[in-house]
Amino acid sequence: MSLEILKARLIIPNLGLDETGNVYIKQGKIVAIGRKPAGFKANKSIDAKGLILIPGIVDLGVRLGLGGEEYSSGITNEGKAAAKGGITSIACFPDTGPILDTVGEVDFLLHHPTTKTKINILPIGAITKGLAGSELTEMANLKQAGCVGVGNAWQPLKNTLVTRRAFEYAASNDLTVFIHPEDHALMAGGCAHEGMVATRLGLPGIPEAAETTAIGGLLPLIEQTGVKAHFCRLSTRIGQNMIRRAQYDGANITADVSINQLFLTEMDLMDFNPLAHTRPPLRTQLDQQALRSALENNSLQAISSDHLPLSRDNKLDAFPSTLPGISGFETLLSLSLKLVEEKVLTLAQAVSLLCTGPGEIVGGEAGQLSVGGKADITLFDSNDEWLCEPQRFISNGKNSPYAGWSMPGKVTHTISNGRVIYTA
Amino acid sequence: MTRPQVGSLAVNQQLTSDGKLKHLLSIEGLNIGILNEILDTAESFSSIANQSVKKVPLLRGKTIFNLFFEDSTRTRTTFELAGKRLSADMLSMNLKASSTNKGETLLDTLNNLQAMYSDMFIVRHQDSGAAQFIAQHVAPHISVINAGDGRHSHPTQALLDMFTIRRHKKDFTRLRVAIVGDILHSRVARSQIHALNMLNTGEVRVVAPRTLLPAAIENLGVNVYHDIDAGVKDADVIIMLRLQKERMHGALIPSENEYFQRYGLNQRRLKLANKNALVMHPGPVNRGVEISSAVADGPQSTILEQVSHGLAVRMAVMSLCLGSSGGQHE
């Protein structure tokens with residue numbers, strides 16, 4: 001199987017490349033970028049004139065469903081939804097279905113026939129057994145089984161001693177810990193940002209300090225244990241400042257932001273819109289501006305879809321009783337291109353934040369393109385616009401607050417391991 | 001590039017396209033015209049209580065369900081009595097103990113009740129936003145009245161309080177109103193604040209320790225006081241809120257005793273307010289926790305009056321929502 005992509009605008013941040021050119025692929029690998037190798041014969045040729053070619057998008061930390069039953073049947077379908085969004089690698093949180101705390105569960109996710117998908121699944125293993133927060137998992141074995149990192153998802157660790165041991169053990173195995181910075185006592189019962197809108201709607205609040213005290217408590221342990229830490233879904237201006245300062249001081253940490261925090265705020269909850277129910281909650285305009293600037297100045301390394309497909313019933317209730325989450329695979333790239341339109345980012349920066357940035361966090365070849373390397377590629381037409389109609393999503397989750405938004409940029413081809421897995 | 005605001009509703013859900021009251025979900029979204037219409041209608045109903053025949057045929061043939069997902073005695077019985085006085089068929093359901101505990105969803109419960117040809121749902125629910133949610137999902141001919149949702153709103157309580165104030169004080173623009181106590185958990189306080197501001201009240205104050213105040217409350221148009229003496233000074237109306245006894249467990253206050261010392265309304269503090277200041281309380285009263293018995297039972301207290309006004313105001317709201325205002329019965 002060989003494939004040639006001709007006359008695309010190649011934006012490949014790891015090569016510092018932004019120019020029109022060709023890419024040649026054979027047996028899942030890139031054999032040349034630029035000039036056609038001698039004797040290369042393509043089975044398939046894509047005329048990519050006017051299209052932009054980037055490394056396949058890497059989505060850091062998604063959930064493929066909350067229920068164990070829907071999970072296995074869901075993976076194949078969610079993989080197709082990801083491909084439609086130009087995403088070729090997804091890191092799954094350990095609470096994505098059955099808890100990823102044993103080699104058996106990781107093997108099932110990666111290899112069982114019922115969980116077949118054409119995109120790359122990068123599991124994040126549980127850092128404690130059953131995510132219960134007290135006993136360590138077999139992290140070395142989880143790593144060998146294919147986990148790209150460990151974490152405790154939305155569950156708290158029992159105390160600072162367990163946290164310390166978990167970080168030390170993860171560091172010994174050179175595993176990155178994925179952290180949701182949340183102080184559970186401060187979050188208790190909350191479902192919206194504690195501020196003007198929650199006060200008006202009478203919704204129990206989640207204060208900014210739920211994030212910042214969690215970050216503040218963990219930074220010294222990260223420093224002392226030397227573990228590589230990734231903070232998922234920063235939502236506050238102050239939290240982001242703490243991360244930036246720590247990075248400046250040389251801490252081994254990275255962080256990402258959900259695309260939703262960059263476009264929505266607490267104001268979008270008005271009239272109790274359950275589609276704007278997220279975790280962490282949508283924050284203020286001020287937080288949003290700070291997070292947008294943090295993308296520009298490189299203190300955030302990745303943008304995530306924060307994909308969490310939910311059923312209609314999960315959102316069909318009074319706001320506090322609905323589940324938080326947004327189905328995000330199919331709008332991630334377009335919303336990121338909107339940031340380019342709004343001059344928050346350059347196109348090259350956006351591609352870095354979607355591909356190279358998250359790729360470096362999970363390690364391996366994800367998010368990069370090079371001769372001899374794996375051919376995970378996304379092609380899109382930046383001039384095409386589409387209307388967001390969530391009922392037409394491939395994803396099982398139609399829970400998107402972006403219905404009716406006009407979306408810039410449309411994926412035309414998604415290529416995983418050298419094979420075209422999606423065409424528009 | 002279109003970007004509709006995600007949460008915005010195209011139309012005001014509470015009013016019909018020609019501006020009539022359809023649902024009563026919160027004070028926000030009403031206008032001064034509707035608010036005064038409710039109060040005026042309530043005024044005409046309040047005289048019925050003194051007649052020997054206390055029933056009017058305005059809602060004859062209408063079926064009204066009291067759907068209480070949360071405990072209540074006073075509000076539920078007043079609504080029930082109001083419905084009966086208007087000649088409607090009233091059914092009260094204590095849903096806390098029934099279907100929703102058997103795993104039926106809120107929407108399934110509603111659909112079942114809708115199938116019984118109801119015209120109005122009166123809803124109390126522990127979740128903020130429940131009344132809105134129900135109004136969005138019921139059949140178009142059904143009116144929804146919010147009898148309290150989470151910490152969000154309790155519009156009929158606020159309206160009966162406004163009715164009571166209006167009875168005693170003529171001009172809201174000259175009034176200084178202090179709301180004292182657990183604002184954080186209070187749907188009553190939120191509705192009162194909106195109603196008072198809609199009526200252009202001179203000054204609205206909230207008085208509480210920081211632990212019992214929601215974030216950014218000043219955005220609702222109130223002045224914040226942490227000291228009750230300063231907060232009730234020169235006030236024309238003092239509204240005391242009920243302090244739930246279990247609040248100590250959430251580390252919100254140290255003890256009932258200290259709360260009463262720091263935030264309870266006693267006769268000494270009442271003297272700091274203007275002469276003839278009204279003392280109000282939505283009930284049920286915790287004597288010796290938020291208010292002394294002498295004040296609660298004193299000449300300036302309107303606590304029992306509020307309860308009887310509740311009946312007139314609820315009759316007004318129910319009849320207006322179902323399209324038959326007062327007038328006819330006079």
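Numbers restart at 1 for each chain; the letters A, B, ... are given by sequence-line order, proteins then strands.
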| message | I'd like to know if the side chain of A/T199 reaches the main chain of B/P214, judged simply by a donor and an acceptor atom lying under 3.5 Å from each other, with no hydrogens or angles considered. | response | no
| said: Just so I know, are the side chains of A/L316 and B/H137 near enough to count as touching, which here means a heavy-atom distance under 4.5 Å? | reply: yes
| message | Sort by residue number and list every residue of residues 120-131 of chain B having at least one heavy atom under 4.5 Å from chain A. | response | B/D127, B/S128, B/G129, B/A130
| message | Going by salt bridge (charged side-chain N to carboxylate O under 4.0 Å, His left out), name the pairs with one or both residues in residues 191-207 of chain A, residues two or more places apart or in two chains. | response | A/R200-B/E28
| task | Side-chain contact test, heavy atoms from C-beta onward, threshold under 4.5 Å: evaluate it for A/F272 versus B/H152 and give yes or no. | result | yes
| said: Need one label for B/H185: side chain, backbone, both or neither, based on atoms under 4.5 Å from any heavy atom in chain A. | reply: neither
| query | Looking at CZ of B/F133 and CG of A/D271, how far apart are the two atoms once the value is rounded to the nearest 0.5 Å? | reply | 14.5 Å
| remark: Whatever's closer than 4.5 Å to a heavy atom in chain A on B/L220 counts as side chain
| remark: Smallest heavy-atom separation, A/G195 atom then B/A216 atom, equals C-CB, 4.3 Å
| note | When the 4.5 angstrom heavy-atom criterion is applied to A/P204 and chain B, the contacting part is both
| query | Relative to chain A, which segment of B/R190 carries a heavy atom at a distance below 4.5 Å: side chain, backbone, both, or neither? | reply | side chain
